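Here's the structure we're looking at; comments come further down.
Bear in mind that the values here come from a model prediction, so they are computed numbers and not experimental data.
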Amino acid sequence: MNEVEASWSEVLNQYQRRADLVPNLVTIVSGYAKHESEALDNVVKARARATKFKLEVNNLNEDNLEKFQKAQAGLQGSLSKLLAISESYPSIKADQGFRDLQTQIEGTENRITIARKRFIESVKEFNNLISVFPTNMTNSLIFHHKPKAQFSVSEEVQKNKKVKF
């Protein structure tokens, strides 16, 4: 259970890192692209939803994890759209602060992927301890540990997306 808690804390830490970068990104982009207020508002709202939903390791069940994933996916999607919009503005792309933030966001997305992978592995090991004989005898029957939920690929990601040129 300790490994599950530690790996979940790392997942939350990386998502928070991404959320902490958003205000700086919004400030820089809004300085150059004031008429993109809808995209900026969407990022701010998505960040608020993502940071509002707190999921503790003791409440890791499939429903809560799905809600958490949707909130995080909303932020990731709105950030992607904002970064795509910024491609239309050479002055934004030339801004050193923007380039630094873009690099940090890309690095954070990689860190999130690694943290999620570690969490998946620790949950797999934990769930094996409570479901596979002989360790299940003490872990589930005596200590009443319940399986922890795993990350899953959302339906949106599973659908084939067409690339348009």
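Contact check for I120 versus K124: no side-chain heavy atoms found under the 4.5 Å cut-off. With a 4.5 Å cut-off on side-chain heavy atoms, L83 and L25 count as touching. Under the 4.5 Å side-chain criterion, counting only non-hydrogen atoms from C-beta, Q76 is in contact with R18. Between E3 and F126 there is no side-chain heavy-atom pair separated by less than 4.5 Å. No side-chain heavy atom of S86 sits under 4.5 Å from any side-chain heavy atom of E36. Within the 4.5 Å cutoff, side-chain heavy atoms of L40 are placed close to those of L82.
Dense packing is recorded around CD of E109, with more than 12 heavy atoms of other residues, nucleotides or ligands lying under 6.0 Å away. Heavy-atom contacts from other residues, nucleotides or ligands closer than 6.0 Å to NZ of K93 number more than 12. Atom CZ of R17 sits in a crowded spot, with more than 12 heavy atoms from other residues, nucleotides or ligands closer than 6.0 Å.
The distance from atom CD of E10 to atom CG of L12, rounded to the nearest 0.5 Å, is 9.5 Å. Interatomic distance, T51 OG1 to Q72 CD, rounded to the nearest 0.5 Å: 8.5 Å. Between atom NZ of residue K146 and atom OG of residue S131 there is a gap of 12.5 Å, rounded to the nearest 0.5 Å. K67 contributes atom NZ, which lies 10.0 Å from atom CG of L55 (distance to the nearest 0.5 angstrom). Taking CD from Q16 and CG from L21, the interatomic distance works out to 10.0 Å, rounded to the nearest 0.5 Å. Residue N58 holds its CG atom at 6.5 Å from CD of E5, rounded to the nearest 0.5 Å.
With hydrogens and angles disregarded, no donor-acceptor distance shorter than 3.5 Å links the side chain of R49 to the backbone of A71.
Nearest heavy-atom pair, A149 versus N61, reported as atom, atom and distance to 0.1 Å: CB-C, 3.4 Å. The shortest heavy-atom contact between Q150 and L65 is O-CD2, 3.0 Å. In this structure, P90 and S88 approach most closely via the heavy-atom pair CD-O, 3.4 Å. Closest approach of V4 and S7 over heavy atoms only: O-OG, 3.1 Å. For the residue pair A33 and I92, the shortest heavy atom distance occurs at CB-CD1, 4.2 Å. Residues D20 and N24 share a closest heavy-atom pair of O-ND2, 4.3 Å.
The aromatic rings of W8 and F119 sit tilted, their planes meeting at an angle between 30° and 60°.
The cluster map of Ile, Leu, Val, Met, Phe, Trp and Tyr, joined by side-chain heavy atoms under 4.5 Å apart, puts I130 and V123 in the same cluster. Under a hydrophobic clustering in which Ile, Leu, Val, Met, Phe, Trp and Tyr are joined whenever their side-chain heavy atoms come within less than 4.5 Å, directly or via other members, L129 and V57 fall into different clusters. Linking ILVMFWY side-chain heavy atoms closer than 4.5 Å, directly or via other members, places V26 and I105 in a single hydrophobic cluster. In the hydrophobic clustering of this structure, L75 groups with I28; members are Ile, Leu, Val, Met, Phe, Trp, Tyr whose side-chain heavy atoms approach within less than 4.5 Å, directly or through other members.
Side-chain contact of E106 with N110: a donor-acceptor pair under 3.5 Å is absent, judged by distance alone. The closest side-chain donor-acceptor pair between R99 and Q96 falls under 3.5 angstrom. Between the side chains of D100 and Q104, no donor-acceptor pair is found at a separation under 3.5 Å. In this structure, a donor-acceptor pair under 3.5 Å is absent between the side chains of R116 and Q14.
Contact check on K117 versus E121 returns no salt bridge, with no Lys/Arg side-chain nitrogen under 4.0 Å from an Asp/Glu carboxylate oxygen.
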Q: Mind running side chain to side chain contact (heavy atoms under 4.5 Å, CB included) on V44 and V22 for me, showing each step along the way?
A: CA-CA 8 Å; V44 171; V22 169; 5.5 Å; no
Q: Just do the ring-ring contact (aromatic ring centres under 6.0 Å, His included) check on F68 and Y15 with the steps written out, would you?
A: CA-CA 11 Å; F68 178 82; Y15 278 125; 5.4 Å; yes
